[in-house]
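Report on one structure; see the data block that follows.
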Protein chains: 2
Amino acid sequence: MTQSSDTTSYKDIKQTVLRRIRSGDWPPDMLLPNEQELAVTFSCTRTTVNRALRELAEEGFLERRRKAGTRVLSAPQRQARFSIPLIRDEIEALGGTYRYALVSSEAQPAPDWLAARLALSAGQQVQHVRCMHYSTNTPFQYEDRWIVIDSVPQVAQADFSEIGPNDWLVQTVPFTNVELTFLASRADATVAGFLDLPEGEPVFTAERITWLQGQPVTFAKLYFGAGYRMTTQV
Amino acid sequence: MTQSSDTTSYKDIKQTVLRRIRSGDWPPDMLLPNEQELAVTFSCTRTTVNRALRELAEEGFLERRRKAGTRVLSAPQRQARFSIPLIRDEIEALGGTYRYALVSSEAQPAPDWLAARLALSAGQQVQHVRCMHYSTNTPFQYEDRWIVIDSVPQVAQADFSEIGPNDWLVQTVPFTNVELTFLASRADATVAGFLDLPEGEPVFTAERITWLQGQPVTFAKLYFGAGYRMTTQV
DNA sequence: GCGCCTATTTTGTGTAGACTTTAATTTAAT
DNA sequence: ATTAAATTAAAGTCTACACAAAATAGGCGC
């Protein structure tokens, strides 16, 4: 059998199933026919049905359990899946020219709050790097970053005057686990100065903790410039 | 052939490939062997290799192109995939008790900025619903929502005094397209009042536009209470 | 009735093989 | 040299079948 237009593809099945869900034909909580039956109705193999339903489940439309079958999810806990672009790409996509500037870089013992946050031992050495990212001379992001020296010893020799610590890290440490937090914070004098804002202004802020196989690698606090909006399609 | 422990599963392959990428064994931009070769080295079928590599590509580690082959992505633009929980679930997960209160609900012509945002015709009627979500009497979120009446005519009969507009919508218009935006805004007098904050305080804000098959359904502006943090693992 | 064990159903995943589609590459024609 | 057409290598997907694993449902003993 060929797979050209006379064949039912897993994409066709996905579309059809989605349409039935959306139209209310298959309402929330409904148990849908098992793969074998669907394979017959779609006149294809169970393998193909399986792929379609598996992907729909990954996308949050269905719930599948062995023996229990496949059912339509009632509360569509859709997962927003947005990519975290590199700053340079993001700025260039918005039509700006990316420029980077190092503010400071120094080794120091981890402050208490950082030690607590990353489960470091008291007084463990960290590299504290502060830098700016500009979009055509407009401040785009102020980055305040700490890198755990024990986890990335090479950081002692790193030169952050030309390359940003994030770029350096992704080249050096193929990172594994990341915890991302977004919040609205108030610009203190330092942040306001770098981002060219009035003090006290709301600032969209991201915190990013990175581990390499259980070892804390870096904590970054990223303050975005005025009017920043993070958008995603779901 | 069986698939028990003597067989190589697609998960094994994913792990092995990931390990090689992380260890630098397969550096960024490297072209990896084609599926047939990998199938031989892993002693499994090409089907199994295909699934492993396909998923790794979806997860952002590899780039695959027909004829060109599979290569390691240099800047692993990992995609944060975080689920958007229902407010009730989120509050209860944090140990609070969810409480809902309607502030106002009235039909009105769409204001210009909204008409522009949703591509409505001038003066199209919308239902403007404002409400509060509390976590054990602490303000958790102030919701300012507009629902396009032409897209959801049933909204005229809806009673939002007990059920929140979001819950009502997911029951009524199940699966839709969503554009989500996050930003930091400044609490104006209204928002400050509802969230029990000083005026001018930074507020983590989400904007949510929902379409049903190209038709605009609703625009919601969600103002989160003091200290709100949105966290996700990547 | 209650708890435990077994049987059965349904999804999960593998093998083997074929055809399709895309696109890089090479070849031929202008 | 440049463009257009043919070649071909790689991923993409389907068929057909088999066995595995999980979890519900039913039956058994108490």
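Proteins get letters first, then strands, A, B, ... in listed order; numbering begins at 1 in each. From a predicted model like this one, the values you see are computed outputs, not experimental measurements.
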Would you mind telling me which of [options] lies closest to the side-chain atoms of [X]?
X	options	value
Ala68(B)	dA24(C), dA23(D), dT13(D)	dA24(C)
Lys11(B)	dT13(C), dT9(C), dG12(D)	dT13(C)
Tyr10(B)	dA24(C), dG12(C), dG14(C)	dG14(C)

Using whole Å, report how far [atom1] of [X] lies from [atom2] of [N].
X	N	atom1	atom2	value
Arg64(B)	dT13(D)	CZ	C1'	12 Å
Ile13(A)	dT13(D)	CD1	C1'	12 Å
Lys14(A)	dT13(D)	NZ	C1'	14 Å
Leu31(B)	dA9(D)	CG	P	15 Å
Leu62(B)	dG12(D)	CG	P	11 Å
Arg71(B)	dA10(D)	CZ	C1'	13 Å
Lys67(A)	dT24(D)	NZ	P	9 Å

By a strict heavy-atom criterion of less than 4.0 Å, which residues belonging to residues 32-44 of chain B are in contact with DNA chain C?
Cys44(B)
Nucleic acid contacts - residues 45-54 of chain A versus DNA chain C, non-hydrogen atoms under 4.0 Å:
Arg46(A), Asn50(A)
Output the distance between atom CD (Glu55(A)) and atom CG (Asn50(A)), rounded to the nearest 0.5 Å.
10.0 Å
Value for NZ (Lys14(B)) from CZ (Arg54(B)), rounded to nearest 0.5 Å, stands at 10.0 Å
Carboxylate-amine/guanidinium proximity below 4.0 Å for Glu35(A) and Arg64(A)
yes
So, does Thr70(B) get its side chain near the phosphate of dA11(D), meaning an N or O under 4.0 Å from OP1 or OP2?
yes
Hey, is the side chain of Arg65(A) poking within less than 4.0 Å of OP1 or OP2 on dT24(D), counting only N and O atoms?
yes
Ring pair (Phe, Tyr, Trp, His ring centres under 6.0 Å) partners of Tyr142(A), counting only residues at least two apart
Phe194(A), Tyr223(A)
List the residues meeting ring pair (Phe, Tyr, Trp, His ring centres under 6.0 Å) with Phe182(B), not counting sequence neighbours, and say none if there are none.
Phe204(B)
Please tabulate, for side-chain N and O atoms in residues 38-45 of chain B, each donor-acceptor pair with protein atoms closer than 3.5 Å (sequence neighbours left out).
{"residue": "Thr41(B)", "atom": "OG1", "partner": "Leu38(B)", "partner atom": "O", "Å": "3.0"}
{"residue": "Thr45(B)", "atom": "OG1", "partner": "Thr48(B)", "partner atom": "OG1", "Å": "3.3"}

Under 3.5 Å, is there any donor-acceptor pair linking the side chain of Arg66(B) to the base of dT21(C)?
yes
What side-chain donor-acceptor pairs closer than 3.5 Å can you find for residues 162-170 of chain B, not counting sequence neighbours?
{"residue": "Asn166(B)", "atom": "OD1", "partner": "Arg145(B)", "partner atom": "NH2", "Å": "3.4"}
{"residue": "Asp167(B)", "atom": "OD2", "partner": "Arg88(B)", "partner atom": "NH2", "Å": "2.7"}

Report the C-alpha distance between Glu179(B) and Thr231(A) in whole Å, list the side-chain angles of each, state the deciding distance to 0.1 Å, and finish with yes or no for side-chain hydrogen bond (donor to acceptor under 3.5 Å, both in side chains).
CA-CA 7 Å; Glu179(B) 181 188 298; Thr231(A) 298; 5.1 Å; no
Please answer whether the main-chain N or O of Tyr98(A) pairs with a side-chain N or O of Ser135(A) as donor and acceptor at a distance below 3.5 Å.
no
